[in-house]
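Chain identifiers are assigned alphabetically (A, B, ...) following the order of the sequence lines, protein sequences preceding nucleic acid strands; residue numbering begins at 1 within each chain.
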Amino acid sequence: MSGFNKVVGSYEEAMTGLTDGMTIIAGGFGLCGIPENLIKEIKRKGTKNLTVVSNNCGTTDHGLGVLLLERQIKKMVASYVGENANFEAQMMAGELDVELTPQGTLAEKIRAGGAGIPAFYTATGFGTPVAEGKEVREFNGRKYILEEAVTGDFALVKAWKADTYGNLVFRKTARNFNPMVATAGKITVVEVEEIVQPGELDPDEIHTPGIYVNRLIQGSFEKTIEQRTIRSNQ
Amino acid sequence: MALSREQLAQRVAKELKDGYYVNLGIGIPTLVANYVPEGIEVMLQSENGLLGMGQFPTEDEIDADLINAGKQTVTMATGASIFNSADSFAMIRGGHVDLTVLGAFEVDSQGSIASYMIPGKLIKGMGGAMDLVAGADNIIVTMTHASKHGVSKLLSECTLPLTGKGCIKKVLTDLAFIEIKAGKFHLLERAPGVSVEEIIKLTAGELVVPEHVPEMQF
């Protein structure tokens, strides 16, 4: 690695430094735009007692779900965990700590973490179980709760294209949480479908500037579809 | 007769106005997209980061990178835009979405809604529902009026963990269209062939019934 070149040679190298008990923030919505190969590398490494922050926890055998199968996750922070039988079982058995977080609050917690904002007020969750133990403050006659930012030891991102400097372009709704996640890691690792040379991406088209990216790797992706819905060919 | 899922969607669709940006929740709300009245344009917001959601793709159009908030494969309508989750919820929490339609387990006469969790039973999470109910002013909740066993879902106080407090003003059930005002349910319309007595019987919270309750028109 030299200068601004963020490209690493292997998935093993991409996840070097991940140790038991660390916090990981991962992009993706359902199985769309998930850093699937980085997750598989964590499975291979066998790192344990992880705190994972991500909108969902994969399905039973895809995405972050594989880390649940191996019981590598100690705590999960997510907004929706409905598609995973193991999740429910481990949570009910008290083996898995879960912090259900509203989706917009989760996105903002990660965004704030990456932007150096320690906490923010939001109306979301006021008067619900989410507000328990949180400061309430009134602004202009409405009540808001204080939500704290999150950051991760590692941030795992899936983008479509990158240049070697780590400038990122996402594709369609695979963007989702990835741009915020990219900003919120002590070490941000990005996997992409294609890496090009600096100058080949139009600066106006870059969604995430390379300053947030520490390691970059090109991979091939399964891109599992959760709900394959089609209309007839008329 | 209680309304079918399609009829619920049809009745909600009558509340759509030209130029509306609309967020439709999973389930019955999704069906509303099939009944947009002729001559008006609406744009559907999907909270995973898509404004201008189109119809389901053909086999050839399927793209794993293009899904809706229900994780279904979709297409983009002409003039669609894509954005990240923080921007998506800025739209929602900033009050920029004109109409939100979502389902619920219970609603109470204070306008509180429970929709995401049945303790000891169902653990799925709130997804974007808490943000949607806190951020939107114009919300329609669609649900069945009572459980299969005849237990009312329109209560004086929700029994399940809340999704939002004091934020719901309109509820469309399979029996009635109801407005929530000043701590009471107000009966606006009844489903065709459903009697006011039946609605009263199946509404646990305080219900204000005007002298004349019109049948819903489709």
query = Parallel, tilted or perpendicular: which fits the ring planes of Tyr144(A) and Phe139(A), with parallel below 30° and perpendicular above 60°?
reply = perpendicular
key: Which of Asp131(B), Val133(B), Leu162(B) touches chain A most, by non-hydrogen pairs under 4.5 Å   = Asp131(B)
request  = Among the options Asn56(A), Leu106(A), Asn178(A), Thr224(A), pick out the one with the most heavy-atom pairs lying under 4.5 Å from chain B.
outcome  = Asn56(A)
ask   = What residue, out of Gly82(A), Gly104(A), Ala174(A), Ala107(A), has the most heavy-atom pairs lying under 4.5 Å from chain B?
value = Gly104(A)
Full working for salt bridge (Lys or Arg N to Asp or Glu O under 4.0 Å) between Asp63(B) and Lys172(A) = CA-CA 9 Å; Asp63(B) 185 340; Lys172(A) 299 185 178 170; 3.1 Å; yes
request  = Check Ala80(B) against Leu50(B) and note the closest heavy-atom contact, atom names and distance.
outcome  = CB-CD1, 4.2 Å
request  = Flag the pair Lys158(A) and Glu193(A) as a salt bridge only when some basic side-chain nitrogen lies within less than 4.0 angstrom of an acidic carboxylate oxygen.
outcome  = yes
task = Side chain from CB out, backbone as N, CA, C, O: work out which of these in Asn68(B) comes under 4.5 Å of a heavy atom of chain A, or both, or neither.
result = backbone
Contacting region of Ala69(B) [heavy-atom separation from chain A under 4.5 Å] = both
inquiry  = Treating Thr203(B) as the side-chain partner and Ile199(B) as the backbone partner, does any N or O pair qualify as donor plus acceptor under 3.5 Å?
reply    = yes
query = If we ignore angles and hydrogens, is there a donor and acceptor under 3.5 Å between the side chains of Glu106(B) and Thr159(B)?
reply = yes
ask   = If you count heavy-atom pairs under 4.5 Å between each of Arg142(A), Glu226(A), Lys143(A), Arg171(A) and chain B, which one has the most?
value = Arg171(A)
ask   = Relative to Phe29(A), does Lys71(B) satisfy both conditions: NZ or CZ under 6.0 angstrom from the six-membered ring centre, and within 45 degrees of the ring's axis?
value = yes
Side-chain donor/acceptor of Asp174(B) to backbone N/O of His145(B), under 3.5 Å = yes
request  = Tell me yes or no: between the side chains of Asn86(A) and Thr60(A), is some donor less than 3.5 Å from an acceptor?
outcome  = no
request  = Name the region of Arg228(A), side chain, backbone, both or neither, that has any atom closer than 4.5 Å to a heavy atom of chain B.
outcome  = both
task = Kindly determine whether Thr105(A) and Arg93(B) satisfy side chain to side chain donor-acceptor pair (under 3.5 Å), including the steps that lead there.
result = CA-CA 10 Å; Thr105(A) 295; Arg93(B) 294 150 76 116; 3.2 Å; yes
Chain B contact residues among residues 117-132 of chain A, heavy-atom distance under 4.5 Å = Phe120(A), Thr122(A), Ala123(A), Thr124(A), Gly125(A), Phe126(A), Gly127(A), Thr128(A), Pro129(A), Val130(A)
Lys/Arg cation over aromatic Tyr11(A): Lys40(A), 6.0 Å, 45° cone = no
message = So for Ile62(B), is it side chain, backbone, both, or neither that comes closer than 4.5 Å to the heavy atoms of chain A?
response = side chain
request  = Give the member of Glu108(A), His207(A), Gln103(A), Lys223(A) that has the highest number of heavy-atom pairs under 4.5 Å with chain B.
outcome  = Gln103(A)
query = With distance as the sole test, does Thr73(B) use its side chain to make a donor-acceptor pair with the main-chain N or O of Thr229(A) at under 3.5 Å?
reply = yes
key: Residues of residues 20-38 of chain B near chain A, each having a heavy atom less than 4.5 Å away   = none
query = What distance separates Met91(B) CE from His96(B) NE2, expressed to the nearest 0.5 Å?
reply = 8.5 Å
remark   = Whatever's closer than 4.5 Å to a heavy atom in chain A on Glu47(B) counts as both
message = Is it the case that the side chains of Ser46(B) and Asn48(B) hold a donor-acceptor pair, with the cut-off being a distance below 3.5 Å and no angle test?
response = yes
